Undergrad: 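One structure, pasted below without further comment.
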Amino acid sequence: MEEDKEMTDTDDDRIKTGIDGLDSILNGGLRRNSTVLVSGNPGTGKSILGAQYLDHGVREHGEGGVYLTFEETQEDVIEAAESIGMEEWREHVENDDIIVYDKMDLLEETDFSQSLVRILDDIDSDSYSRLVMDSLTMFQMFFESEQEKRTYLLKLIDILKHNGFTSLLVQESQETFPDRDIGLEEFLTDGNIYLAQTPTKSGTNRYIWVAKMRKQEINTHVFPMEIGDGGVRIHDNAAEFSYMSGEDVDMGNEPGGGRGGL
Amino acid sequence: MSGNTKTLADPVSVLDSLGDEYSARILSALTDEEMSAKRISEELGIPIATVYRRIEDLDEAGLIEFEGKALTQDDKRVKVYRSYVDELRIQFEPDEPQVEMKRYSEAQRSIDEAWKRIKR
């Protein structure tokens, strides 16, 4: 079964993120059952991207979603989605098309195991196939050593895949784009998407970079991105933009550039 | 979340327990799940009186914990024990050794249990 899927990985097997521009960068979408890391500094749009991914699944594909957040309440998540124009998010939650496990459910360590058991019960039913964990950074704080973090991240990825999830794991990063500090998360996940922003005179320039996606062709250019009504939008016309030659943009961490961060 | 490490009060009895063949095997068995003395005796083939004594030693050393009373198939209430030892760190100080125990956390346990379920 598993191998068949890999051999016949057609467009239909792809999980569409529904984010303008991103699916074409990904050549059709995410691979089914993959676990993808979405990294970026605070405010770069990681959570919005996650909310959009689940919203799209429900609206366009009838796929239920699970949103795990260690940092916010369910109401915070719904309001954030609504504020950016995802008006049906609350309805999805009320209809159980999206299940939110918020910080109340997840943060107490004694409840953590209970929550996980509950989550696994929910996902045993075939109706949920998209998952967002916001954030992996918080999940890893439950574990002490690097060795433990690694072991339990691998187990988590296994559990998600086995339960038929295509998952986005959100990670708070320190650097704009990784340079020296590539963490083990980057190696253990199937794919890495980085989000970045830089202030300009007129506002904020935003960028997205799909750096790695196992077993699939991707466009690894850095693309400009916008957050507006409806959420994240990516300008995937590569001819119009080249981040690496953009001298006016001081992002730091260019390969070989050696400049500092923001 | 962290703070799962504690110093054990009686390091010598810890080392004593670890050195005993039966105690070491009981400790390993209790890492995976809670068990009663009777079940330990049956599964590990250790005489029941010995199991009781070793459980007492391990409990005093702080290596296992009394989990509560469970109902057996023939409706008896029996004491069950479990180990939460994830790692032991032994340091040999001039006066006496020091043993630090890192406890197996709830988060570890929950992920491990979920993971075992999918591997079955």
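Quick caveat, the model's predicted, so the values are computed rather than measured. The figures here come from the full heavy-atom set of this structure, side chains too, leaving out hydrogens, waters and symmetry mates. Throughout, a chain's letter reflects where its sequence line sits, starting with A, and its residues are numbered from 1.
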Undergrad: Mind checking what makes ring pair (Phe, Tyr, Trp, His ring centres under 6.0 Å) contact with H61(A), not counting sequence neighbours?
TA: H56(A)
Undergrad: Any chance you could measure Q108(B), atom CD, to F143(A), atom CZ, to the nearest 0.5 Å?
TA: 6.5 Å
Undergrad: Quick check: closest heavy atoms across F142(A) and S105(B), and the distance to 0.1 Å?
TA: O-OG, 4.1 Å
Undergrad: Around atom NZ of K38(B), are there more than 12 heavy atoms of other residues, nucleotides or ligands at under 6.0 Å?
TA: no
Undergrad: As an exercise, state the distance from CH2 of W115(B) to CG of L154(A), rounded to the nearest 0.5 Å.
TA: 9.5 Å
Undergrad: Could you tell me which residues satisfy side-chain contact (heavy atoms from CB on, under 4.5 Å) with V210(A), sequence neighbours excluded, listed by chain and number?
TA: L22(A), I25(A), L26(A), I193(A), M213(A), I218(A)
Undergrad: Can you name the salt bridge (Lys or Arg N to Asp or Glu O under 4.0 Å) partners of E71(A), sequence neighbours left out?
TA: none
Undergrad: Taking non-hydrogen atoms and a cut-off under 4.5 angstrom, which of residues 55-90 of chain B neighbour chain A?
TA: D86(B)
Undergrad: Whether E148(A) and K102(B) form a salt bridge (side-chain N of Lys/Arg under 4.0 Å from carboxylate O of Asp/Glu) is what I want to check.
TA: yes
Undergrad: For residues I111(B) and L156(A), report the shortest heavy-atom separation together with the two atoms involved.
TA: CG2-N, 4.5 Å
Undergrad: Take atom CD of E217(A) as the centre, draw a 6.0 Å sphere, and report whether it contains more than 12 heavy atoms from other residues, nucleotides or ligands.
TA: no
Undergrad: R117(B) and I159(A): side chain to side chain contact (heavy atoms under 4.5 Å, CB included), yes or no, with the steps?
TA: CA-CA 9 Å; R117(B) 260 163 56 173; I159(A) 292 166; over 6 Å; no
Undergrad: In this structure, are over 12 heavy atoms from other groups packed under 6.0 Å from R25(B) atom CZ?
TA: yes
Undergrad: Which heavy atom of D158(A) sits nearest to which heavy atom of I118(B), and what is that distance?
TA: O-CD1, 3.6 Å
